[in-house]
> 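Encoded as structure tokens, here's the structure I'll be asking about.
Lettering follows sequence order; numbering is per chain, from 1. Here the structure is a predicted model, which means the values were calculated and not measured.
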Amino acid sequence: MAAPKVAVVGAGVVGLSTAMCIVETYPSCSVTILSDQFSPNTTSDVAAGMLIPHTYPGTPIHVQKQWFKDTFAYLFAISNSAEASEAGIHLVSGWQVFKNTPKEELPFWSDVVLGFRPMSEAELQKFPQHRFGQAFTTLKCDCPPYLLWLEKRLKATGVQMYTRKVADLWDLHSEYNVVVNCAGIGAHQLVGDEKLFPVRGQVLEVHAPWVKNFIRDGDGLTYIYPGIHRVTLGGTREEGSWSLSPDPGTTKDIFNRCCSLESSLRGAEDVQVKVGLRPSRQCVRLQRELLSQGGVKLPVVHNYGHGSGGFSMHRGTAKEAARLVGECIAALEGSSSRAKL
Amino acid sequence: MRVAVIGAGVIGLSTALCIHEQYHGLVPSLEMEVYADRYTPHTTSDGAAGLWQPYLSDHGNLQETVWNKETFDYLLRHLGSPAAKEMGLFLISGYNLFTQPVPDPSWKNIVLGFRNLTPEELELFPGYSYGWFNTALMLECRSYLPWLTKRLMQRRVKFFQKKVESFQEMFARGVDVVINCTGVRAGELQPDPELQPGRGQIIKVMAPWVKHFIITHDIESGVYNSPYVIPGSELTVLGGIYQHGNWNEEISTQDHKTIWENCCRLLPALQKAKIVEEWSGLRPARPRVRLERETIHQGHLQAEVIHNYGHGGFGITIHWGCAMAAARLFGSILQEKKQASPPQSHL
């Protein structure tokens, strides 16, 4: 098949990185990105982009670990290169603190991040309400820079990007050979996935350039993540809420919780509030599907439902999605050569 | 009781504050003045990045190790206070890199979370095979010196822009105790062959993605002659120059090249950083800090000098411990004066 035409729906971190992996692995493909939103208006733009995975209950741990390892290695190499500042990737060290000792002492990713170890007594003294903690160094992907960097690299390889709201994947069957669905929370409507639900997150972005370390409460609700120019303070995890409007009461609550972890934040300036809907699911939907109507077939690769783990898992799932695209193309070529016989 | 502090760098101002805090209540007649020809942001202290970190070896100066610890603990206590931001005080983590294994430093239990680097971490730094990670403190003098000045002004300490030419000049004005915090130029007040400039040069860049300090060490070339990168609250400091005996405060283009190339090799991401400022300064280097009393006789009068200078490249690191030691010396002077003159009744 000459230059298979692949459409990637969605331009968040998953859509862009999946397109990137397809282009890298199958350079003969013509890849087009279609999305109703591009950076800075995607869900990814709200996320702090910290590489600290969440665990998907429905995916084997060894698979999640491989996704995380792939992502970490990929970003680690960029952070160590001259591209780091443009790509928005940087190393950051800090602490995850627990009020109660966690059930699992060692998370599955403890040997992927750098320097993981329990916090010392002296370090814990800074957190009088917390009894246990872990110190480590990980990576942070700042958005919009990371998405803009991916877009730039994609355009350099000839990938086209169009603002277009795709209402139905089948609409693309006449223009494209394979469709990759990276619609994130949009998949709820796009493919009617009832298992996909929003987990609303509100965050504050503040100017506090003296904050050089991250601090995260092990309950996942309160966190301080220093980015290149601004510090992200979080957050909330509101299951089932579709509201994208910032809530002022929540803003105050987040600020107070973060100040109790890091009192110098009282001096933070220029508070901006953002809301994103984590596209949550028991497991990432990373699989092929063959749509067909009246004898016409459209292979689809789904890659959505990353919930809280979009940044942590993006490259690993993108690689797998690209592999599945390859399978689709091979299947198409197989059937077309059979048709010629 | 008139006290004159000469020098308004981190040593002068902190010593002034420490003495005033401890003794003003006990000695209501205490009048304190600060004399300096250079004030912030033109002092040696202002050029320092502000990282709390002693030299690798204390050369047997255990007292200095104690003063370093006292300073760290004092600053750590202030971290949670509302003053921290105004002081320019914050936590920072980072790396010390070596080309061969080295013994742990005297300060390993003073800083937080001290540990050796893992092989994966060392992959970040080709050419270095051994290293440490720890969390320490930054104290930026561009903020700290104004903060100290404000505290002193609130206490009605007076400031004079003046180059003091001799201790005698102070005593002639009726000063009882001189606190000599003149740093690298202390030799102009009293010759001191042990005091030498340790010339340094730095480049300040805009590189807000750098969140860790990185200090490399080359045992052969000596302290601070190997590249280092220290992120501040606004700009990141690139350095790695230490020239013993060089009094030249001008920027050297050769040193600039050395710093830039070495730091970019260490952190390739820096190639895209914008250069904002350059600075050169003289560390007041001495085999050990001079922190002692000296009684100066002038005819039948005697006046006291407390020397507190020679803090090399670790002035910020050691400043509060030295200030407290200087305050103790001041206390002993007060004690002697009390014993010399009987108490007068004030009716």
> Find the one option among B:Gln271, B:His212, B:Lys272, B:Glu234 whose heavy-atom pairs under 4.5 Å with chain A are most numerous.
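Maximum pair count with chain A is reached by B:His212.
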> One thing to verify: whether A:Arg153 and A:Glu83 come together as a salt bridge, which I'm taking to mean a side-chain N less than 4.0 angstrom from a carboxylate O.
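No, this pair does not count.
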> If you count heavy-atom pairs under 4.5 Å between each of B:Thr118, B:Thr135, B:Leu267 and chain A, which one has the most?
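Among B:Thr118, B:Thr135, B:Leu267, the one with the most close pairs to chain A is B:Thr135.
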> Given that the side chain runs from C-beta out, which part of A:Asn80 has a heavy atom under 4.5 Å from chain B: side chain, backbone, both or neither?
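Backbone plus side chain of A:Asn80, per the 4.5 Å heavy-atom cut-off to chain B.
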> List the atom of A:Ile228, the atom of A:Asp142, and the distance in Å for their closest heavy-atom pair.
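Heavy atoms of A:Ile228 and A:Asp142 come nearest at N-OD2, 2.7 Å.
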> If you count heavy-atom pairs within less than 4.5 Å of chain A, which of B:Gly232, B:Ala84, B:Ser81, B:Pro82 leads?
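Max contact count across the listed options: B:Gly232.
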> Heavy-atom distance under 4.5 Å to chain B: side chain of A:Lys126, backbone, both or neither?
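Answer is side chain: those atoms of A:Lys126 sit under 4.5 Å from chain B.
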> Return yes if a side-chain donor-acceptor contact under 3.5 Å exists between B:Asn68 and B:Thr317, otherwise no.
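Looking only at side-chain atoms, B:Thr317 and B:Asn68 do not form any donor-acceptor pair under 3.5 Å.
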> Under the 3.5 angstrom rule, does the side chain of A:Ser44 hit a backbone N or O of A:Gly12 as a donor-acceptor pair?
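Side chain of A:Ser44 to backbone of A:Gly12, a donor-acceptor pair under 3.5 Å: no, none is there.
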> What's the spacing between A:Glu205 CD and A:Lys274 NZ if we round to 0.5 Å?
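If we round to the nearest 0.5 Å, A:Glu205:CD and A:Lys274:NZ are 3.5 Å apart.
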> Would you mind telling me which of A:Ala208, A:Gly115, A:Ser79 has the largest number of heavy-atom pairs within less than 4.5 Å of chain B?
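Heavy-atom pair counts peak at A:Gly115.
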> Where does the angle between the aromatic ring planes of B:Trp260 and B:His256 fall among parallel (under 30°), tilted (30 to 60°) and perpendicular (over 60°)?
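Because their plane-to-plane angle is under 30°, the rings of B:Trp260 and B:His256 count as parallel.
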> Do A:Asp217 and A:His130 have side-chain N/O donor and acceptor atoms under 3.5 Å apart?
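Distance-only check passes for A:Asp217 and A:His130.
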> Taking NZ, NE, NH1 and NH2 as the nitrogens, is one of them in A:Asp253 or A:Arg257 under 4.0 Å from a carboxylate oxygen of the other?
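Yes, this pair counts.
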> Between B:Cys264, B:Ala207, B:Pro231, B:Gly113, which residue shows the highest count of heavy-atom pairs closer than 4.5 Å to chain A?
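Heavy-atom pair counts peak at B:Gly113.
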> Hey, which residues of residues 259-268 of chain A are touching chain B, say heavy atoms under 4.5 Å apart?
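Expected list: A:Ser263, A:Gly267.
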> Tell me, side chain or backbone of B:Ser93 under 4.5 Å from chain A's heavy atoms, or both, or neither?
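Answer is both: backbone and side chain atoms of B:Ser93 are under 4.5 Å from chain A.
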> Does a donor on one side chain and an acceptor on the other come within less than 3.5 Å for A:Ser93 and A:Asn213?
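The criterion, which ignores hydrogens and geometry beyond distance, is not satisfied for A:Asn213 and A:Ser93.
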> Quick check on ring pair (Phe, Tyr, Trp, His ring centres under 6.0 Å): which of B:Trp67, B:Phe314, B:Trp132 does B:Trp107 satisfy it with?
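The option that passes is B:Trp132.
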> Which heavy-atom pair separates A:Leu150 from A:Ser17 by the least distance, and what is that distance?
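Scanning both residues, the minimum pair turns out to be CD1-N, 4.2 Å.
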> I'd like to know which of A:Ser81, A:Ala122, A:Ser120 tops the heavy-atom pair count under 4.5 Å against chain B.
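Top count of heavy-atom pairs under 4.5 Å with chain B: A:Ser81.
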> Which atoms of B:Glu120 come close to chain A, meaning under 4.5 Å heavy atom to heavy atom: side chain ones, backbone ones, both, or neither?
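For B:Glu120, the contact with chain A is made by backbone and side chain together.
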